[in-house]
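Note sheet for the following structure.
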Amino acid sequence: MINVIGLGYIGLPTALMLAKSGLNIVGTDINKSLIRSLKKGELNFEEKGLERLFNIAIKNKIKFSEEYQKTDVYIIAVPTPYLSDSKKIDAKYVISAIESILEVCLFNSIIIIESTISPGTINKYIKPKIQESGFSIGNDIHLVHAPERIIPGNMIYELEYNSRTIGADSIDIAEKVKAIYSTFCKGEIVMTDIKSAEMSKVVENTYRDINIAFANELAIICRQDKLNVYEIIRIANKHPRVNILNPGPGVGGHCISVDPWFLVGDYPDLTKLILTARKINDSMPDFVISRIKYIMGQNNIDSLSQVGLYGLTYKENVDDTRESPTLQLLKILENHFSCDINVYDPYIKENIINNQYHDFEKFIRNIRILVVMVGHNHLLENVNLIKNKIILDTRNVIKEFSTYKL
Ligand code: SAJ
């Protein structure tokens with residue numbers, strides 16, 4: 001039996017995939033209400049194909065429990081935030097999961113950590129904890145790092161087809177873990193040592209952060225010189241070895257905007273480029289505010305109550321608001337002015353901020369300037385409802401009529 005610890009965006013789909021493959025799976029989470037809902041057959045987030053997968057896993061007898069299980073294979077997929085001052089990883093959730101596992105696990109257990117961790121975390125923080133508890137690593141307990149690469153919005157497909165990495169100290173253990181993931185993963189499974197697996201995961205997301213920062217910096221340069229950044233990127237990308245990403249209102253999500261900080265925290269003197277990229281991406285909500293103010297001035301609009309932000313999630317067609325550029329922007333507004341700007345997102349049903357609408361048409365009626373923060377398909381399907389508005393399209397998704405851009 002495999003006990004999957006942490007049933008969030010990564011742990012739950014992974015547990016369901018393993019159960020679909022016919023393995024005996026118990027999913028564990030400290031969140032009692034989440035376990036209650038899952039037992040009742042209710043999912044806590046939306047994702048393409050997740051419900052279907054959930055139903056198959058239930059038929060295959062997946063179980064959910066608040067209790068850690070007595071077994072010999074664990075997969076940990078709990079959050080790994082960073083400490084806001086030092087920017088170093090805060091491994092407290094992983095460590096507390098390990099402590100709970102040690103209370104119940106069988107001799108010769110494999111603990112697979114899927115959560116993203118900064119290079120060296122297993123050696124520096126996790127191995128000492130295990131040894132302090134009197135366990136011998138490599139005999140009583142085997143540690144593995146198997147970071148995931150799935151993208152929200154296409155998780156189920158990517159779980160099956162992405163290639164993945166397994167970092168372990170021994171080939172035997174790496175092979176055993178490879179056999180587990182091979183039950184559902186059709187992509188290449190690369191085996192390496194633990195620290196290289198930790199580093200490669202953080203590097204992948206940092207690569208993306210830097211490339212988005214480059215696109216964002218280009219947008220700022222082009223704005224100053226009244227050039228169309230999208231035209232420049234389109235032309236530059238015709239070069240066979242150039243692939244510039246899209247500028248946007250900022251970088252959100254729990255991965256790309258977080259993982260580079262682990263490197264900055266651990267190598268503060270060696271991460272000039274990485275830190276600069278982070279700062280550029282974090283400055284984008286401020287840049288959007290400066291664009292909003294400019295457009296208000298141009299159109300003789302003097303109150304933010306006539307402005308509406310479309311989109312609260314960190315990217316299109318997902319319901320995840322973690323580190324979202326819109327929330328970052330609202331925080332800046334709250335710190336500086338009284339904030340009566342309007343907000344709407346079709347994916348966010350509960351009230352999470354002031355002046356949030358749940359009726360799109362009412363939202364549109366009440367504003368003069370619409371700021372597209374997220375290019376959900378919903379907006380593109382309702383583009384005829386916004387054609388009379390003054391629009392700032394920070395995602396460059398509206399093609400039907402002319403809009404202000406970043
Ligand atoms: N963004 C831009 N411009 C772009 C691309 C993205 O501004 O050209 C913004 C998005 O709007 C969003 C943020 O960046 O706010 C991140 O979005 P994303 O779609 O690039 O990535 P995530 O966070 O949804 O998922 C990433 C994925 N990593 C890569 O694409 C390299 C995924 O494969 C990882 O598994 C995931 O992080 C993770 O868990 O680490």
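First listed ligand is number 1; within each ligand, the first listed atom is number 1. Source: prediction; values computed, not measured.
Note on ring orientation: taking the six-membered ring where Trp is involved, the planes of Tyr310 and His378 are parallel (angle under 30°, cut-offs 30° and 60°). Using the six-membered ring where Trp is involved, Trp261 and Tyr82 have ring planes that are tilted, between 30° and 60° apart.
Residue contact check: Lys201 has heavy atoms under 4.0 Å from atoms 35 (O), 38 (C), 39 (O), 40 (O) of ligand 1. The distance from ligand 1 to the heavy atoms of Val251 drops below 4.0 Å at these ligand atoms: 13 (C), 14 (O), 15 (O). Within ligand 1, counting atoms from 1 as listed, the ones closer than 4.0 Å to a heavy atom of Cys255 are 36 (C), 37 (O), 38 (C), 39 (O), 40 (O).
Note: an N/O pair closer than 3.5 Å links Ile150 and ligand 1 by distance alone.
One finds the CD1 atom of Ile117 at 9.5 Å from the CZ atom of Phe262 (value rounded to the nearest 0.5 Å).
Residues Asp345 and His376 bring a donor and an acceptor atom of their side chains to less than 3.5 Å of each other. A donor and an acceptor atom, one from each side chain of Thr71 and Asn3, are nowhere located under 3.5 Å apart.
One option in Tyr314, Tyr9, Tyr207 has a heavy atom closer to atom 15 (O) of ligand 1 than any other, and that option is Tyr314. Checking Ile244, Asp320, Thr394, Ile151 against atom 27 (C) of ligand 1, the nearest heavy atom belongs to Ile151.
Annotation for Tyr267: atom OH counts as buried by contact number, over 12 foreign heavy atoms lying within 6.0 Å. Counting non-hydrogen atoms of neighbouring residues, nucleotides and ligands closer than 6.0 angstrom, the OH atom of Tyr404 exceeds 12 such neighbours.
Under 4.0 angstrom from ligand 1, there are no non-hydrogen atoms of Glu114. By the criterion of a heavy-atom distance under 4.0 Å, the side chain of Ile212, and not its backbone, is placed next to ligand 1. Counting heavy atoms closer than 4.0 Å to ligand 1, residue His254 contributes nothing at all. With a 4.0 Å heavy-atom cut-off, ligand 1 is reached by the side chain of Asn205 but not by its N, CA, C or O.
A heavy-atom distance below 4.5 Å is not found between the side chains of Phe214 and Ile280.
Note on ligand 1: Glu316 sits outside its first shell, no heavy atom being nearer than 4.0 Å. At least one heavy atom of Ile256 lies less than 4.0 angstrom from ligand 1.
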